[in-house]
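Here's the structure, in structure tokens; my notes come after.
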Amino acid sequence: MLYLYFCRFFCYGTENYKAIQYKEGMNLDISIFEVVGPVMIGPSSSHTAGAARLARVARRMAENAGAVTHVSFGLHGSFARTYKGHGTDRALVAGALGLREDDERLSDAFSLAAAEGLTYDFHEIVLEGSHENTVEIIFTLSEGDPFTVTGSSLGGGRIAIKRIKGFDVDFTAHVPTLVIVQQDEKGVVSEITGVLAAHGINIGIMRVSRLAKGETACCVIEADANISDAVVDQIRRLNHILSAQAVHPEA
Amino acid sequence: MYNSIQDLVSQAEERGAGLWKIVLENEIKLSELDETSIYKKLDERYDVMIRSAERALGQSLPAIGGLIEGIASRHARFAQQGGGLMGGFLNQLMARAFSCSEVNASMGKICAVPTAGACGVLPAVLLTVGEKYTLGRREILEALLTASGVGAVITKNATVSGAEGGCQAECGAAAAMAAAAAVQMAGGTIHMSADACGFALMNCMGLICDPVAGLVQLPCALRNASQAVNALVSADMALAGLTSVIPPDEVIEAMFHTGRMLPPALKETALGGIAAAEAGKRIQAEIFSENP
């Protein structure tokens with residue numbers, strides 16, 4: 001797997017991005033809104049708010065691929081053991097319906113899903129080496145292959161998306177993020193960055209992973225500014241691009 | 001930037017400003033938001049806090065397990081009728097903390113300040129002390145700024161995670177934040193605010209996290225109420241002139257090391273404390289066998 005890193009120092013001060021501990025050095029600052037917040041539906045920032053957020057981000061990506069008819073949640077670790085007590089199940093369904101983690105309808109997620117005709121199921125799985133709070137979300141689409149997203153809830157409502165359709169990725173979706181699947185060809189990445197540069201969008205972090213050399217690759221770009229539909233469309237029209245979508249933290 | 005309570009105090013002294021002002025100015029630099037936008041965000045969050053502190057006062061909110069259902073409304077009635085030994089003021093404070101915990105447990109909307117499990121302490125203290133001194137919204141938000149500065153220091157130098165530090169790191173940290181805010185609202189000095197923060201953590205040093213059945217209900221709600229009272233106890237100690245022999249920053253460090261020393265069974269795993277009591281284990285078995 002090839003990783004390209006264009007790293008900048010930490011982007012901080014964003015909503016719902018709670019306190020990472022830095023015991024040594026102490027040269028990183030913490031926004032007061034990481035201490036006073038997030039505003040969320042209880043009872044647990046990791047088991048409820050983070051779960052809703054994970055499912056919502058996954059849904060945003062899946063619905064780009066087609067109409068969702070069923071969602072299957074594979075629960076790993078602490079999610080599998082404790083999900084009923086923390087409403088993780090309702091939070092996940094709420095997220096899969098597109099509800100935000102501070103939406104008061106979250107606890108009615110099951111009846112909302114019934115009203116929308118979305119079916120769902122839960123099962124326990126073991127994902128070796130994964131974070132304790134990890135879920136594999138499989139969206140059945142009205143046409144084509146299922147869309148699978150795996151992610152972890154890290155605490156304080158923060159999440160990490162770890163796998164999309166078989167590609168290993170790692171992003172938090174707390175900043176505007178572009179997820180692109182492309183043919184692994186020379187020059188594709190530079191064309192993508194060219195489009196972003198032309199629109200004045202600065203890249204915070206960029207990673208490319210591929211299944212095998214010359215096959216398909218997945219490129220995840222975390223940007224400093226919102227990525228408009230026009231930009232996404234322009235990237236989709238580039239040669240060798242199979243799919244492209246933007247995920248915004250508040251969308 | 002501030003990395004310690006001492007930083008906050010010395011910068012405030014140099015500038016002849018309140019602690020809140022240092023916290024606010026740092027946030028402006030850090031977030032690149034202007035003062036108005038920061039106050040707007042704080043105001044929105046304080047609205048959520050108020051609603052969660054009031055919502056369960058007049059109604060019981062059902063939750064899985066139902067271990068704390070109705071405690072806020074019963075306590076609010078108790079406070080209204082004079083409030084037993086400690087009187088209406090402190091019992092109203094506790095009722096509000098209970099309300100936040102009940103709202104949280106029932107999948108209602110709360111502000112995690114600093115965490116969801118400890119979401120009752122700050123709203124109860126800000127609201128109740130604000131009323132006592134008939135403070136305006138701006139003054140309460142200034143107190144919230146001071147509290148959040150204390151919370152940021154604890155987050156940096158220790159932890160606010162129950163899984164990492166036990167309840168002292170969640171409700172204890174909330175009490176330390178609220179104590180500093182309460183001193184400010186009562187007209188105390190910046191040194192008193194700093195000392196109150198240290199007292200609050202000393203008063204709950206080593207407090208474990210032992211949720212029955214792993215639910216954020218019991219003893220979480222009780223700890224929210226008792227740590228809200230702790231915040232006011234600590235604030236009064238400072239306001240009366242008691243000064244901290246151990247500097248607040250060293251108390252924060254001690255809390256962190258104490259948390260590290262606590263075994264995993266006493267840190268949110270529901271394997272120790274009252275969670276491991278016979279009744280605690282029975283409740284866990286009942287709740288999770290009902291929903292196989």
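Letters A, B, ... are given to chains in the order of the sequence lines, protein chains preceding strands, and every chain is numbered from 1.
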Ring-face cation of B:Lys156 near B:Tyr2 (centre distance under 6.0 Å, axis angle within 45°): yes
Face-on cation placement of B:Arg138 at B:Tyr39 ring, 6.0 Å and 45° thresholds: yes
Report which part of [X] has an atom under 4.5 Å of a heavy atom belonging to chain A: side chain, backbone, both, or neither.
X	result
B:Ile154	neither
B:Leu42	both
B:Ala152	both

Greatest number of heavy atom pairs closer than 4.5 Å to chain A - which of [options]:
options	answer
B:Leu144, B:Val23, B:Asn26	B:Asn26
B:Val153, B:Ile38, B:Leu145	B:Ile38
B:Ala173, B:Ser148, B:Ala63, B:Gly117	B:Ser148
B:Val216, B:Val48, B:Ile110	B:Ile110

Check ion pair B:Arg137-B:Asp47 (N to O, under 4.0 angstrom): yes
A:Thr119 versus A:His70, side-chain donor and acceptor atoms under 3.5 Å: yes
- prompt: Is the closest side-chain heavy-atom distance between B:Ser161 and B:Thr115 below 4.5 Å?
  reply: no
- line: What one should report as the nearest heavy-atom pair of B:Ala169 and B:Thr159 is CB-O, 3.4 Å
